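Not measured: the values here are computed from a predicted model. Remember, it's 1-based here, ligands and their atoms both numbered in the order they're listed.
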Amino acid sequence: ASTRLIALIGHPVEHSLSPRMHNVIYRHMDINGVYMAFDVLPENVGQAVHGFRALQIRGFNVTVPHKQAVMPYLDATDRTASVIGAVNTVVNDSGVLTGYNTDSSGFMRSLEYRGIDVRGRDVLLLGAGGAARAVATALAMHGAGRVTIANRTPDKAAALADDINNYVGGSVCSGAPLSDIGSISCPYMLVNATSAGMWPHVESCPLPADYDLSGVAVAYDLIYNPERTLLLKKAEEHGCMPVNGLDMLIWQAIEAIGIWFDIEVKYELALKGIKNIENFS
Ligand code: NDP
């Protein structure tokens, strides 16, 4: 059989960890495929998708800033991805392109893998951008208790909470200004889906200095560069279980590979791939 191409489109993409993670996985799982990143300018997203159709490639990942822009060029979008309003994985089934959001399913898989059960438990979610949309949707769909979405721009948090509540037909989510979170005490899990703390702004932390982390069981930071953000360091000092963004990155890839190749990849293999550890069996 001929080698199948899986692409990644984004702008910029040269620092993406995905090519090496996928290619290591493909080699070790005997998948006859190659994963290549393409830096696609925003005005060329449609042309890139048309090109992938013409080449009949098996699928592609989509990263920042194209996760919304790609949607009009697809034939179908999975319902969860429609609610999130963003697609990060596209599969080509005999010329029909369908978009999924494996950030959302990957986030949930990462919780399951670590034995973190959010059912009926309160979550404080920081941020209301694309990543927060994926996380909030996953939490609401999987029966979390109250999900408070706190954002620097409060209107975005309120709008996201409304979208999710309409989707699940309840009132799981509420929006709040990030500056008010001192009054939201002791959630079971705290999730940082803001970019505050990401390299090179490693001294930045989205939490107010006096925020009381005691009693928070899990602190999940979607950032993976650095692997230990200031928020995670503080959380660890208060006895929270720390989880960094590598987990979500790994699980969204495992979910995508499942969609393209109907294969279940082990977490440990993907982790070694992402850390560029080749000499393992
Ligand atoms: P967006 O640009 O869509 O959203 C950014 C969010 O961060 C907004 O809510 C914004 O608030 C907030 N924000 C930015 N700077 C600050 C600050 N200094 N203080 C407080 N809030 C701030 O980005 P994404 O949602 O795509 O990504 C967010 C983070 O999640 C990034 O660090 C990204 O790397 C990470 N991520 C990780 C993934 C993984 O697999 N681990 C997957 C996807 C994303 P406002 O609305 O007020 O501007």
Do we see a donor-acceptor contact under 3.5 Å between the side chains of N61 and Y35?
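Result is yes, a qualifying pair exists.
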So the ring pair (Phe, Tyr, Trp, His ring centres under 6.0 Å) pairs with at least one residue in residues 153-203 (sequence neighbours excluded) are none
Charged N to carboxylate O below 4.0 Å: is that the case for E264 and R109?
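Here E264 pairs with R109 in a salt bridge, since their nearest N and O are under 4.0 Å apart.
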May I ask you to check whether W251 and F107 place their ring centers less than 6.0 Å from one another?
no
F38 meets the ring-ring contact (aromatic ring centres under 6.0 Å, His included) criterion, sequence neighbours left out, with none
In chain-and-number order, ligand 1 lies under 4.0 Å from a heavy atom of each of G127, A128, G129, G130, A131, N151, R152, T153, K156, L178, A193, T194, S195, A196, M198, L222, I223, Y224, G245, M248, L249
Which side-chain N or O atoms in residues 95-103 pair as donor and acceptor under 3.5 Å with protein atoms at least two apart or in another chain?
residue, atom, partner, partner atom, Å
N101, OD1, D103, N, 3.0
N101, OD1, S104, N, 3.0
N101, ND2, A86, O, 3.0
T102, OG1, N88, OD1, 3.4
T102, OG1, N88, ND2, 3.1
T102, OG1, T89, OG1, 3.3
T102, OG1, Q252, O, 3.0
D103, OD1, N88, ND2, 3.4
D103, OD2, K67, NZ, 2.8

